[in-house]
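Encoded as structure tokens, the structure appears first; notes follow it.
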Amino acid sequence: MTEVQLEQNVEEKKWARRAHLSTILTYPMALLPFPFFISSLGAMVYPFVMWLSRNKSSYSAKQSLEAMYLQALLSLGFFGFGAKFGDDRVLLVFSYVLMAFLHVVFLGIAIYRTTIGKAHHYPFSFFPLLFSSNQTKENWNELKKKFEDKVEFTEYKSQMERLDGFRLSTEKESKSLTDPSLQGLCNEYLHSLSDLRVNLAEDPLSYRKAKQFLNYFPETVSKILGQYNKLSVGSPDAEKRKTELNSLLSEVIKTTEQVRNKLKADETLNLDVEITAMKKNIEFGGY
């Protein structure tokens, strides 16, 4: 991973932690002259603003949605307990303390997971699904107008759907990884792939320049992760494959970023040569 990519990865983790930590604002806001659940809802503003300001497909944006979901749960809990035990001070204080304790436990887990770059989801979380479903769903009829050739549009649509499928399978395989460094690399790769997909959705005709990448790397990475997860933990072959996978993911992340940058600069000739060389290295490694 390059120095720039490492810096971006650290920055994403930092913003993700800030989003989750912002839910602590619930308690100082309780000093305001409003019902506690109203003050709790007010603390949702920070992760909401963060979500608006970040790239919607980024790690930090998705974690901001998770923080909003946690804040909504807290507000609902405080409202429910306040309505139920409003006339009993002892039970009201006890229920509020219980909510605060559960909040700290959930928050501690979220901070730990975002520190190591893992995708964190609170129990029964639906916010990311609710928002992302509207973001990633293409208006195929509108995109079709940008293509003069219907066959080419069909190919583009097929490529995008395949890319979505490989992203999901890669995300599933990455969750099975036990090594934090590999999980961090997988998350970084998925972020880069999501950003590339956004570029392809904004400029559909640019997919022509990324065909070689799209036809090979997303599927290959998904398959290699699947092969690695089938190996016995601690076996000599597993350690060897772990080292190879670490190197491979670093190179694929670099290549994905190059694809994104060179699509904008209209420079893909040299990149195709690099991709061909990487394909030979992967095949030489026995994958």
Side-chain angles (χ1 to χ4, degrees), residues 5 54-59 61-62 119 128-174 185-227 248-287:
Q5 290 166 345
R54 308 297 290 178
N55 184 322
K56 298 302 182 292
S57 63
S58 68
Y59 176 67
K62 292 175 182 177
L129 180 63
L130 179 66
F131 285 91
S132 63
S133 62
N134 292 327
Q135 295 164 16
T136 59
K137 186 177 180 180
E138 273 76 32
N139 185 336
W140 294 117
N141 288 329
E142 286 298 318
L143 290 172
K144 190 174 183 179
K145 296 177 183 177
K146 298 184 179 183
F147 291 84
E148 295 180 1
D149 186 346
K150 292 182 180 180
V151 175
E152 187 177 39
F153 167 72
T154 302
E155 183 183 25
Y156 164 76
K157 183 179 178 182
S158 175
Q159 287 278 22
M160 295 291 274
E161 290 173 344
R162 287 178 70 247
L163 181 59
D164 285 338
F166 292 133
R167 282 168 58 211
L168 289 174
S169 61
T170 300
E171 186 174 2
K172 180 180 178 182
E173 293 293 350
S174 69
L185 285 170
C186 272
N187 287 330
E188 180 66 20
Y189 166 67
L190 287 167
H191 300 156
S192 296
L193 207 59
S194 295
D195 288 341
L196 174 61
R197 192 196 185 288
V198 171
N199 294 146
L200 292 171
E202 291 175 347
D203 183 12
L205 297 180
S206 66
Y207 97 97
R208 301 165 180 167
K209 309 168 191 174
K211 279 185 182 181
Q212 187 172 2
F213 176 88
L214 294 172
N215 283 330
Y216 184 76
F217 280 97
E219 180 179 11
T220 301
V221 172
S222 179
K223 285 182 178 179
I224 291 175
L225 284 173
Q227 291 176 14
L248 170 66
L249 286 172
S250 298
E251 287 300 316
V252 173
I253 290 168
K254 177 182 176 182
T255 304
T256 309
E257 290 301 310
Q258 286 179 329
V259 170
R260 289 183 58 224
N261 294 332
K262 293 191 176 184
L263 283 181
K264 297 176 182 178
D266 199 19
E267 299 173 0
T268 54
L269 181 60
N270 292 336
L271 183 59
D272 282 344
V273 174
E274 295 170 14
I275 290 176
T276 300
M278 276 195 65
K279 287 170 64 175
K280 290 181 179 178
N281 288 337
I282 293 172
E283 290 162 4
F284 181 74
Y287 292 105

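A search for ring pair (Phe, Tyr, Trp, His ring centres under 6.0 Å) contacts involving F166 returns nothing, not counting sequence neighbours. With sequence neighbours left out, K150 forms a salt bridge (Lys or Arg N to Asp or Glu O under 4.0 Å) with no residue at all. For E152, the salt bridge (Lys or Arg N to Asp or Glu O under 4.0 Å) partners are R208, not counting sequence neighbours.
Ring planes of F217 and F213: parallel class, angle under 30° (limits at 30 and 60°).
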Does the pair R162 and N215 meet the rule for a side-chain contact (heavy atoms from CB on, under 4.5 Å), with working shown? CA-CA 9 Å; R162 287 178 70 247; N215 283 330; 4.1 Å; yes
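Crowding of K211 atom NZ: a count of heavy atoms from other residues, nucleotides or ligands under 6.0 Å exceeding 12.
Considering only heavy atoms from C-beta on, P218 stays 4.5 Å or farther from T170 through its side chain. Residues V221 and E173 fail the side-chain proximity criterion, which asks for heavy atoms closer than 4.5 Å.
Atom CG in L205 sits 8.5 Å away from atom CD in E148 (nearest 0.5 Å). For the atom pair OG of S174 and CG of L185, the computed distance is 11.5 Å after rounding to the nearest 0.5 Å. Expressed to the nearest 0.5 Å, how far NZ of K172 lies from OG of S169 amounts to 9.0 Å. In this structure, CD on E251 lies 13.5 Å from OH on Y189, to the nearest 0.5 angstrom. Rounding to the nearest 0.5 Å gives a distance of 11.5 Å between SG of C186 and CG of L193. Atom NZ of K146 and atom CG of D203 lie 7.5 Å apart (nearest 0.5 Å).
At a threshold of 4.0 Å, the pair K223-E219 counts as salt-bridged, since one of the basic side-chain nitrogens sits closer than that to a carboxylate oxygen. D164 has a carboxylate O that lies under 4.0 Å from a charged side-chain N of R197, or vice versa, which qualifies the two as a salt bridge.
In terms of modelled atom types and a separation under 3.5 Å, the side chain of Y156 and the main chain of L200 share a donor-acceptor contact. A donor-acceptor distance shorter than 3.5 angstrom exists from the side chain of T220 to the backbone of Y216, with no hydrogens or angles considered.
For the residue pair F153 and L143, the shortest heavy atom distance occurs at CE1-C, 4.1 Å. The two residues E171 and L190 come nearest to each other via the heavy atoms CA-CD1, 3.8 Å.
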